[in-house]
There are 2 protein chains.
Amino acid sequence: MERKGKANLEDIAKVTGVSKMTVSRVLRGGQGFSDETRDRVIAAADRMGYVPNRLAAAFNSVQASTLVGICVPRLTSGLFGHVLDGVDRALTRLGYQVMIGCNNHQPREEEAWLRQVVSWRPAGVILSGRSHTPGAVELLHNAGMPVVEIWDLTTSPIDMSVGFSHYDCGVEVGQFLVRKGRRRAGYVGASSRADVMGQARMEGFSAALVLAGYPLVDREVLLDSPGFYAGYYGLETLLARRPDLDVVYFHNDEMAIGGLAYCQQRGIRVPEDLGIVGWGGMEAASVLPRRLTTTVVPTTLIGKQAAEALVARLKGEPVQDVTVIATRLVPGETG
Amino acid sequence: MERKGKANLEDIAKVTGVSKMTVSRVLRGGQGFSDETRDRVIAAADRMGYVPNRLAAAFNSVQASTLVGICVPRLTSGLFGHVLDGVDRALTRLGYQVMIGCNNHQPREEEAWLRQVVSWRPAGVILSGRSHTPGAVELLHNAGMPVVEIWDLTTSPIDMSVGFSHYDCGVEVGQFLVRKGRRRAGYVGASSRADVMGQARMEGFSAALVLAGYPLVDREVLLDSPGFYAGYYGLETLLARRPDLDVVYFHNDEMAIGGLAYCQQRGIRVPEDLGIVGWGGMEAASVLPRRLTTTVVPTTLIGKQAAEALVARLKGEPVQDVTVIATRLVPGETG
DNA sequence: CTTGGCTACGTTACCGGTAAACTGCCTTAG
DNA sequence: CTAAGGCAGTTTACCGGTAACGTAGCCAAG
């Protein structure tokens, strides 16, 4: 009868001669039973390899489950890996389970994931970006659970937002480069279809340049994943069109490193002939022979803050709707 | 009454004038009802924003849930990011939800995660590595669900294994370097406490060198996370002790790139003065000015295969217990 | 001696969905 | 004319845990 690992509360109750309610109370560390009963119950549960059934617990009670969903644009990005890590550490410590999803920068995939996740009645969800389908927004409103939008700051979040402004990142880089005397700037990007955030950085960059009187000379946006190769070939293409550029802002660090590799190959001196600026703050970028000029994003912190905001809301503690995370433009030896 | 998004089967049944069983069958695409009934039910469900409750569904039935757990050593590793991506893509397509966990290379943390996850009665789990606590193994045996151990191949898996031999990776590199004329090899590693896999590569490497008659001269294993800095400073320390080394095998590509950076800084010519070999197959490594000699691991494929093996077992299809994934030693310009 | 309060439990009802068994009604074969 | 069978549903029971409420026994205060 004491088949290992298949026992439920009732089985334990029978073996110990108490009711299953008492077993439930003991195992959840409640009160209203003698020490002797507690020890007997715990011993039996242990002996029988009892594994609680959270499905039943979460299903029964109106109180929220301990499931939290998180959807990121890509799982293979170093940056989002750190965000996930921050979220996972914070939530695991507090006894939550994390359900991941990946939307490939597509709101429609996010909605599809959301429909799946909501059917598990999670305690809350963390989404990245602020572009959501109307269906997703409606679903979230109806679900009535905490929602944290991360990465791309929204001043009017669905519920809460933790992140920074990509536009401002671009502006800061634009102003910085003009101050450093750059006059003919280019941009190399790559968008897996609908990456609005890289787009925002470029727009901020461009706007700052216009304001300073030295508008963006040219840009090359590849329809490719924003990696090393895209940076390498993107710069090649851009320079073929406009060899007179004196600085290039890249979609991210991986691409900038690709650009650096191209320069090294062609004997283009960095930063004398051409400035190279990335974005993101990859660990790699800071140890390369030439330290890359880039914007460092505190990724783990964003994940941690998002998780903590979500849990605070669940506990009914006061939380601010919008948490701004400061990024840092770190001048290196390339820009 | 038709509060959006809070409706359950019964509510829809009342509105459409059928029983909730019929609603259930319609929404799951079964049969045994007229087209007219189906349309009415679907229309009502849509109108009322019905969100199925998988908690109830999974709870009720003995049939497995659509939850799959996956535990990786680290979320911030580029390699595991790709593994997660492979798993996620394959499982999402098949209608499963993924629950992630991270054990920081510690079996005890894996067991803690496992206890949480098993309480959600998942359809199966994917674990990385083959070191598990006795408690975890017992739990898995009792749970009686498919288990796939990935990354580090086991010939006697708990259930199934998809991966490759780290030891063999090391052997292959050792043999390769001896063939290329290297005679005084060193190793630079980093272990966040209990990384047995890096250890296995080093042992294979060392064994191959011994067999060839040119045993490993020295090694430097830092108690640090295996990143760029650890590679940089690890090589510095190692060369301070043994300046006569003619090649160094690194724990992974990040560290090897750190080592390359150190060489560049110190004017050490690569590969003339010193060979540098990495492991893993980071995208970065193939575009650097000097293409890194490394072992490429088909990460996404491992994730995909693991997911597919798990699902095949769930469907009762025949699956081989051990799937060997071939890694590829790619000679670059540094080794 | 009664009342009230406390401790240490036990009982009941319910969460939302689904498998399995059952029920009319209509059609068709023998 | 009856039996058999299919269609389009309905009814019932149950999964495992928990909230809410109930109760027996004991002790102390009034």
Side-chain angles (χ1 to χ4, degrees), chain A residues 3 5-42 44-45 48-67 116 118-123 142-143, chain B residues 3 5-42 44-45 48-67 116 118-123 142-143:
Chain A
R3 315 155 301 182
K6 300 288 178 190
N8 59 24
L9 286 189
E10 188 120 41
D11 298 334
I12 297 173
K14 270 184 202 138
V15 169
T16 47
V18 296
S19 72
K20 71 174 184 173
M21 195 62 229
T22 298
V23 178
S24 169
R25 276 197 281 247
V26 167
L27 294 180
R28 275 181 304 151
Q31 48 188 10
F33 42 78
S34 64
D35 288 1
E36 196 245 323
T37 302
R38 191 195 54 220
D39 294 346
R40 284 223 324 281
V41 167
I42 288 176
M48 299 167 78
Y50 173 70
V51 178
N53 187 336
R54 252 178 236 273
L55 247 40
F59 164 52
N60 161 28
S61 67
V62 184
Q63 104 190 7
S65 78
T66 58
L67 223 49
Q116 298 290 326
V118 170
S119 74
W120 286 99
R121 304 290 187 265
N142 290 338
Chain B
R3 312 155 302 183
K6 299 289 175 187
N8 60 22
L9 287 188
E10 187 119 41
D11 298 335
I12 298 173
K14 270 184 203 141
V15 168
T16 47
V18 296
S19 73
K20 72 175 184 174
M21 193 65 227
T22 299
V23 178
S24 170
R25 276 199 282 252
V26 167
L27 294 181
R28 275 180 304 151
Q31 48 188 11
F33 43 80
S34 65
D35 288 1
E36 197 245 322
T37 301
R38 191 196 55 222
D39 294 346
R40 282 223 324 281
V41 167
I42 288 176
M48 298 167 78
Y50 173 70
V51 178
N53 187 337
R54 254 180 234 272
L55 248 39
F59 164 52
N60 161 33
S61 66
V62 184
Q63 103 190 8
S65 77
T66 58
L67 224 47
Q116 297 291 325
V118 170
S119 74
W120 286 99
R121 302 290 186 268
N142 291 339

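Predicted model only: the values in this text are computed from it and were never measured. By convention in this document, chain letters (A, B, ...) are assigned in the order of the sequence lines, proteins followed by strands, and residues within each chain are numbered from 1. Note that these values count all heavy atoms, side chains included, but never hydrogens, waters or copies made by symmetry.
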Visitor: Roughly how bent is the helix from C/dC1-D/dG30 to C/dG30-D/dC1 end to end, in steps of 10 degrees, with each end axis from five pairs?
Guide: 60°
Visitor: What are the two closest heavy atoms between B/A44 and B/V15, and how far apart are they?
Guide: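 Taking B/A44 first and B/V15 second, the nearest heavy atoms are CB-CG1, 4.4 Å.
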Visitor: Roughly how far, to the nearest 0.5 Å, is the OG atom of A/S19 from the CD atom of A/E10?
Guide: 9.5 Å
Visitor: Please give me the minimum heavy-atom distance between B/S65 and B/A58, naming the atom from each residue.
Guide: CB-CB, 3.9 Å
Visitor: Can you list everything that forms a side-chain contact (heavy atoms from CB on, under 4.5 Å) with A/N53? Sequence neighbours excluded, please.
Guide: A/L55, A/A56, B/F59, B/R121
Visitor: Which whole-number value in Å describes the distance from A/L55 CG to C/dT18 P?
Guide: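 After rounding, the gap between these two atoms is 13 Å.
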Visitor: What string of B, S and - do you get for nucleotides 5-12 of chain C 5' to 3' if you count protein non-hydrogen atoms under 4.0 Å?
Guide: ---BBBB-
Visitor: Identify the two heavy atoms, one from B/A143 and one from B/V118, that lie closest to each other, and give their separation to 0.1 Å.
Guide: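 Closest pair (atom of B/A143, atom of B/V118, distance): CB-CG1, 4.4 Å.
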Visitor: Who are the side-chain contact (heavy atoms from CB on, under 4.5 Å) partners of A/T66, not counting sequence neighbours?
Guide: A/R54, A/Y96, A/Q97, B/W120
Visitor: When you measure from the side-chain N and O atoms of B/R28 to the phosphate of C/dA19, is any distance below 4.0 Å, counting only OP1 and OP2?
Guide: yes
Visitor: Can you give the first and last nucleotides of DNA chain D, 5' to 3', that have an atom under 4.0 Å from a heavy atom of chain A?
Guide: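 Counting from the 5' end, contacts occupy D/dG16 to D/dA20.
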Visitor: Starting from the C-alpha separation in whole Å, work towards a yes-or-no answer on side-chain contact (heavy atoms from CB on, under 4.5 Å) for A/Y50 and A/L27.
Guide: CA-CA 10 Å; A/Y50 173 70; A/L27 294 180; 3.6 Å; yes
Visitor: For a quick test of reading the model, state the closest non-hydrogen atom pair linking A/T16 to A/I12 and the distance between them.
Guide: OG1-O, 2.7 Å
Visitor: Could you name each residue pair satisfying salt bridge (Lys or Arg N to Asp or Glu O under 4.0 Å) that touches residues 19-37 of chain B, not counting sequence neighbours?
Guide: B/D35-B/R38, B/E36-B/R40
